[in-house]
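The structure appears right after this line, and notes come after that.
Within every chain, numbering begins at 1; the chains are lettered A, B, ... in the order of the sequence lines, protein sequences first and strands thereafter.
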There are 2 protein chains.
Amino acid sequence: MTQEYSGSGDPAKSLELLWRKRPQPTRGPKPALTVEGIVEAALRVADTEGITAMSMRRVADELGSGAMTLYRYVPGKAELLDVMLDTVYGELPKRVVPGDWRAKLDEVARENRELYLKHPWMLHVAVSRPPLGPQVMAKYEYELAAVEGIGLTDVEMDATVTLVNGYVHGAVRAAVEARQVIQHSGMTDKQWWLAHVPHLDRIADIDSFPLSTRVGTTVGQEFDAPYDSDHAFEYGLGRLLDGVAALVKDRAEI
Amino acid sequence: MTQEYSGSGDPAKSLELLWRKRPQPTRGPKPALTVEGIVEAALRVADTEGITAMSMRRVADELGSGAMTLYRYVPGKAELLDVMLDTVYGELPKRVVPGDWRAKLDEVARENRELYLKHPWMLHVAVSRPPLGPQVMAKYEYELAAVEGIGLTDVEMDATVTLVNGYVHGAVRAAVEARQVIQHSGMTDKQWWLAHVPHLDRIADIDSFPLSTRVGTTVGQEFDAPYDSDHAFEYGLGRLLDGVAALVKDRAEI
DNA sequence: ATCGAACTGGGTACAGTGTACGAAGAATAT
DNA sequence: ATATTCTTCGTACACTGTACCCAGTTCGAT
């Protein structure tokens with residue numbers, strides 16, 4: 001399995017770590033490492049080798065120290081992931097684009113998509129309770145600003161940015177999975193499909209699935225792959241924003 | 001990490017396993033187990049103890065046999081997960097509801113949601129290339145039927161059911177994470193929030209985040225939790241189907 | 001009836017994982 | 001000079017998937 005859990009330890013410790021407000025001691029030897037250095041090394045490993053490779057030992061190796069040394073700087077792996085997340089959220093450009101709410105929400109979606117594509121390991125970190133670090137807070141503030149003052153209630157504003165974020169997460173997850181499975185298996189989708197079809201013809205009764213056969217064939221021809229991620233992203237985002245537009249129009253009319 | 005990868009071994013072996021077309025040998029001792037029994041045991045473990053607990057040793061224990069014995073019946077853990085997936089897809093009622101495409105797509109979304117809630121481990125199995133078993137095929141056929149004959153192209157039909165499935169996956173994943181994190185941490189969202197706010201006030205400069213503060217407070221009061229999953233699901237599904245409706249209307253007019 | 005081939009069950013081993021514990025040494029306050 | 005505090009990090013534990021191998025069982029052919 002590949003689901004990491006975001007930190008759930010002592011809130012005070014976690015927040016002090018995220019905001020770099022940890023009291024530094026006067027006595028004892030000077031620390032050889034820094035939280036920043038550890039996070040940097042962890043990001044390097046996660047970005048290039050994936051989240052499964054990012055073990056405490058691997059990060060320690062990267063820094064030339066022992067695995068247990070890291071525990072002097074972060075309470076555990078979950079909290080390290082929290083800081084990693086908050087750090088990469090700082091990479092979001094948070095551009096304020098001209099235009100209405102739709103242009104802004106569109107920008108939010110695309111910026112998040114870029115970030116996920118750059119750091120695919122983010123997709124596998126559960127953030128039901130987000131790490132309340134400075135970058136996470138700035139991100140939420142920026143995203144709410146996109147839908148502020150267009151007639152939605154506070155609850156609808158929150159639901160809308162949550163919806164967009166959830167959509168992007170899902171869409172990119174599918175796209176990244178597709179990309180990774182190609183590397184993992186050494187086969188493109190088309191090759192995979194061609195390797196399965198003859199066996200499926202032999203084993204299954206494909207006459208029972210007329211729609212699947214017709215649509216699957218068309219989609220395969222059209223996109224040279226069963227799943228085209230760019231197309232899927234654009235289509236889904238378009239539908240989603242259309243749906244939000246309907247609500248906004250509704251609120252404006254009443 | 002908690003991402004299991006769906007099988008990527010020999011297509012012939014995988015398909016024969018999924019469709020139960022494996023040639024049974026005549027010589028040698030009669031097998032003590034069956035694929036069905038192993039899948040049943042694995043589902044029992046995954047449903048009750050989660051996907052992380054579902055190890056080959058744990059499943060073997062459940063059956064009173066050695067871990068390596070399972071490898072006589074399934075090529076590996078990935079393929080076992082494939083069969084588990086195909087099996088639970090068989091639980092989908094696949095009701096043909098009266099009404100237009102929207103009623104049918106709505107039903108598709110709700111059936112999938114129920115299934116995910118019943119088997120949350122499904123959310124952590126990567127299915128970029130779905131196991132082409134009988135139940136997966138039947139599911140795809142049923143879902144395409146919901147949007148057949150309403151003026152969409154084959155490609156749009158596929159994109160639409162993919163979009164709905166992706167949406168439900170994301171929405172339920174968020175809801176299940178929220179549920180699990182309560183059990184995992186022993187705190188409700190409100191308790192978690194109340195444990196963090198005083199520290200956040202002390203450490204962060206909350207004046208920099210006026211929208212977050214206002215909206216966060218309102219949402220907290222309204223739903224007694226930062227994240228209400230039922231509300232989010234209904235809101236998102238509504239927006240999504242509105243968006244599809246706009247496309248359907250467009251196609252009808254041209 | 002005998003015997004080899006084919007098959008099954010499952011023990012052991014390997015290279016990993018997060019992290020609790022504790023030993024050994026270094027820097028500072030007194 | 002010494003006590004206190006803080007550092008690094010080796011060892012150990014309970015896990016993981018599964019490769020490899022051996023012993024035992026059953027059947028087909030002779």
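Under the salt bridge (charged side-chain N to carboxylate O under 4.0 Å, His left out) criterion, the residue pairs touching residues 194-206 of chain A are A:Arg202-B:Glu16, with sequence neighbours excluded.
Contact annotation: the side chain of B:Leu123 never approaches that of B:Ile51 to less than 4.5 Å [non-hydrogen atoms, C-beta and beyond]. Put simply, the side chain of B:Val136 does not reach to within 4.5 Å of the side chain of B:Tyr140, judged on heavy atoms. Between A:His169 and B:Arg173 there is a side-chain heavy-atom pair separated by less than 4.5 Å. Side-chain contact between B:Tyr167 and B:Thr162: absent, with no pair of heavy atoms (C-beta onward) separated by less than 4.5 Å. Contact check for A:Leu70 versus A:Leu63: side-chain heavy atoms found under the 4.5 Å cut-off. Looking only at side-chain heavy atoms (C-beta outward), A:Leu80 and A:Met56 come within less than 4.5 Å of each other. Considering only heavy atoms from C-beta on, B:Glu91 stays 4.5 Å or farther from B:Glu114 through its side chain.
The distance between atom CE of A:Met56 and atom P of D:dC9, rounded to the nearest whole Å, is 14 Å. Counting to the nearest Å, the P atom of C:dG16 and the NZ atom of B:Lys77 are 19 Å from each other. Between the OH atom of B:Tyr71 and the C1' atom of D:dC21 there is a distance of 16 Å, given to the nearest Å. The OH-P distance, from A:Tyr73 to C:dG18, rounds to 19 Å in whole Å. Rounded to an integer number of Å, the gap from A:Gln24 CD to D:dT7 P is 11 Å. One can place CG of A:Leu70 at 13 Å from P of D:dT7, the figure rounded to the nearest angstrom.
Between A:Met68 and A:Ser55, the residue anchored closer to the 5' end of DNA chain C is A:Ser55, taking for each the nucleotide with the nearest heavy atom. In terms of position along DNA chain C, the nucleotide closest to B:Leu33 lies nearer the 5' end than the nucleotide closest to the other residue of the pair A:Ala67 and B:Leu33.
A:Thr69 comes within 4.0 angstrom of a base, heavy atoms only.
A cation-pi arrangement is present between A:Arg113 and A:Phe233 under the rule of less than 6.0 angstrom and at most 45 degrees off the ring axis.
By the neighbour-count criterion of 12 heavy atoms within 6.0 Å, atom NZ of A:Lys94 is densely surrounded, having more than that number from other residues, nucleotides or ligands.
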Enumerate all atom pairs, one protein N or O and one N or O from nucleotides 13-15 of chain C, separated by less than 3.5 Å.
unit_1, atom_1, unit_2, atom_2, d
C:dA13, N6, B:Arg57, NH2, 3.3

What's touching nucleotides 25-30 of chain C from the protein side, N or O pairs under 3.5 Å?
unit_1, atom_1, unit_2, atom_2, d
C:dA29, O4', A:Arg27, NH1, 2.6

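DNA chain D forms stems at C:1-30 with D:1-30, each a run of 3 or more consecutive Watson-Crick or G-U wobble pairs whose two key distances fall under 3.5 Å.
Interatomic distance, A:Tyr73 OH to A:Leu33 CG, rounded to the nearest 0.5 Å: 4.0 Å.
Checking D:dG10, C:dG9, D:dT8 against the side-chain heavy atoms of A:Arg72 singles out D:dT8 as nearest.
Within residues 59-66 of chain B, no residue is approached by DNA chain D to less than 4.0 Å at the level of any non-hydrogen atom.
No donor-acceptor pair closer than 3.5 Å links the side chain of B:Gln135 to the backbone N or O of B:Val88. With hydrogens and angles ignored, the 3.5 Å screen pairs a side-chain donor or acceptor of B:Trp19 with a backbone N or O of B:Leu132.
When the salt bridge (charged side-chain N to carboxylate O under 4.0 Å, His left out) test is applied to B:Glu49, the partners found at least two apart in sequence or on another chain are B:Arg58.
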